[in-house]
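Accompanying notes for the structure given below.
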Amino acid sequence: MSNYQSSLLRLLDERGYIHQVTDAAALDALAAKQVVPGYIGFDATAPSLHIGSLVQIMMLRRLQQTGHKPIVLMGGGTTRIGDPTGRDESRKMLSDETIDANIASIRTIFSRLLAFGDGPTDAVMVNNHDWLGKLGYIQLLQEVGTHFTVNRMLTFDSVRLRLEREQPMTFLEFNYMILQGYDYRHLAKNMGVRLQMGGSDQWGNIVNGIELGRRMDGTELFGLTTPLLTTADGSKMGKTAAGAVWLNEDALPAWDFWQYWRNCDDRDVGRFLRLFTDLPLDEIARLESLEGGEINAAKVVLANEVTRLCRGGDAARTAEATAQATFAGGGLGADLPVLAVPAGGITVVDALVGIGFAASRGEAKRLIAGGGARLDGEVVTDEHRTVDPSGGEVRISSGKKKHGVLRPA
RNA sequence: GGACAGGUGGCCGAGUGGUUAAAGGCAGCAGACUGUAAAUCUGCCCGCGCAAGCGUACGCUAGUUCGAAUCUAGCCCUGUCCA
């Protein structure tokens, strides 16, 4: 829509990352003339981020692609408090060891998508525990507390919504926004950071940091948020029945990761291609315009590209080959889950539970009763039926999408 | 510390002594239709069991009762107001 001078804003704009910017013109001018160090904060509540954070990660990648410096801020300190943003209730406290282990684990995904190092545009990862941990309470109140009015803090969505919904908010959580604001000011002062990015729900927190930087140091800082990413059916990205779609390999197999993208809604394809792949825009426009069943080809490209970025080229190729063999060929692929069956065979019920297609025996039986269980493509109608793959691998399926391999132990 | 209102299955939310494994909605799973999409319709949706049935479950604990998610007491937690 706008004619940006800087390649950074142009790229972010074209690809649909921008929801709000504090002062787009000034930021554009800055990015056009110098390297802008920009950061995004991430929580360390789990050993892996999920695809709900992928937009943010990709935004750091875009920052680097356009010649700027991405800074990954791990919330080692703020995770000890818990972000009240969003409707979650208070978060359980995590031990220091857990948080540190989580940060180390989360780092793996960043090293795939960003180039780390000491150069001017190399990515760096910092942990806010390093400075927040040293901050004394009195010092915090004096330095930072004076710049926040409670009046204003109470108007922030993160606080207001809790109060309106009559849900508790502890004083601890209430302080979160102060610390997050302080992060920005700290990074600005010590690393020359000028830009903070984040999801649209972080707008208030980001603006707080900008204010704080201006009041304490007189520095002009910028903020940019991404639109809240939902899938076309309105649900939040990254959450499926089976759980979150984790970015780390050890948290979610590449096959399931690939399948997530392959199964996305038709309406999401173009948007996702722009946000989550490096494909050129004209190529995306072509893929996006495919009609009817043709759009499936675009979904395969999407799945391949995202998997390649997040999991590596081998993972993407194997997943695609598995999909081809399994869905088009009705056969078996290397990525399918495998269950080793002891000699003599087992019941179909046990096989379904064993391979993870059913959470309990009862659920497996219901699946069979509903006609959703198949062996080598043939519907299983008898819940007492047994399988013995000793004569050759057997394909076991739950519904049309979940397939697995039964193999002799 | 006091008064009042609350704490029900993944979530929301009915239910105030038995017919309640607990209405309804959402989410989820499967079937039909399709394109590994969406929408729609249908079935399922605590665990074990072939089944009859058994075991768990309505904040926690102890009671009353033939029988409790529902009544009583104590405790824990949350909100609102008062101090």
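As the structure is a computational prediction, the values presented were derived from the model and not from experiment. The figures here come from the full heavy-atom set of this structure, side chains too, leaving out hydrogens, waters and symmetry mates. Order of the sequence lines fixes the chain letters, A, B, ..., with proteins taken first and strands second; residue numbering starts at 1 for each chain.
- In this structure the side chain of A/Thr79 never reaches within 4.5 angstrom of the side chain of A/Ile103, judged on heavy atoms.
- Comment: A/Glu211 engages A/Arg215 in a salt bridge, judged by a side-chain N to carboxylate O separation of less than 4.0 angstrom.
- Comparing B/U36, B/C50, B/G35 by their nearest atom to the side chain of A/Arg262 picks out B/U36.
- Of the residues in residues 325-332 of chain A, those lying under 4.0 Å from RNA chain B by heavy-atom distance are A/Phe327.
- Distances shown here put every side-chain N or O of A/Arg385 at or beyond 4.0 Å from the OP1 or OP2 atom of B/C50.
- A salt bridge is defined here as a Lys NZ or Arg NE, NH1 or NH2 lying under 4.0 Å from an Asp or Glu carboxylate O, and A/Asp217 with A/Arg185 meets this definition.
- When side chains are defined from C-beta on, A/Thr381 does not count as touching A/Ile368, because their heavy atoms never get closer than 4.5 Å.
- You won't find any donor-acceptor pair under 3.5 Å spanning the side chain of A/Lys402 and the base of B/U36, going by distance alone.
- Ion pairing between a basic and an acidic side chain is recognised when a charged N comes within 4.0 Å of a carboxylate O; A/Arg317 and A/Glu305 show no such pairing.
- Taking the charged nitrogens against the carboxylate oxygens, A/Arg10 and A/Asp28 have no contact shorter than 4.0 Å, which rules out a salt bridge.
- For A/Arg61, the side-chain hydrogen bond (donor to acceptor under 3.5 Å, both in side chains) test picks out A/Asp278, with sequence neighbours left out.
- For the segment residues 315-323 of chain A, residues with any heavy atom less than 4.0 angstrom from an atom of RNA chain B are, sorted by number, A/Ala323.
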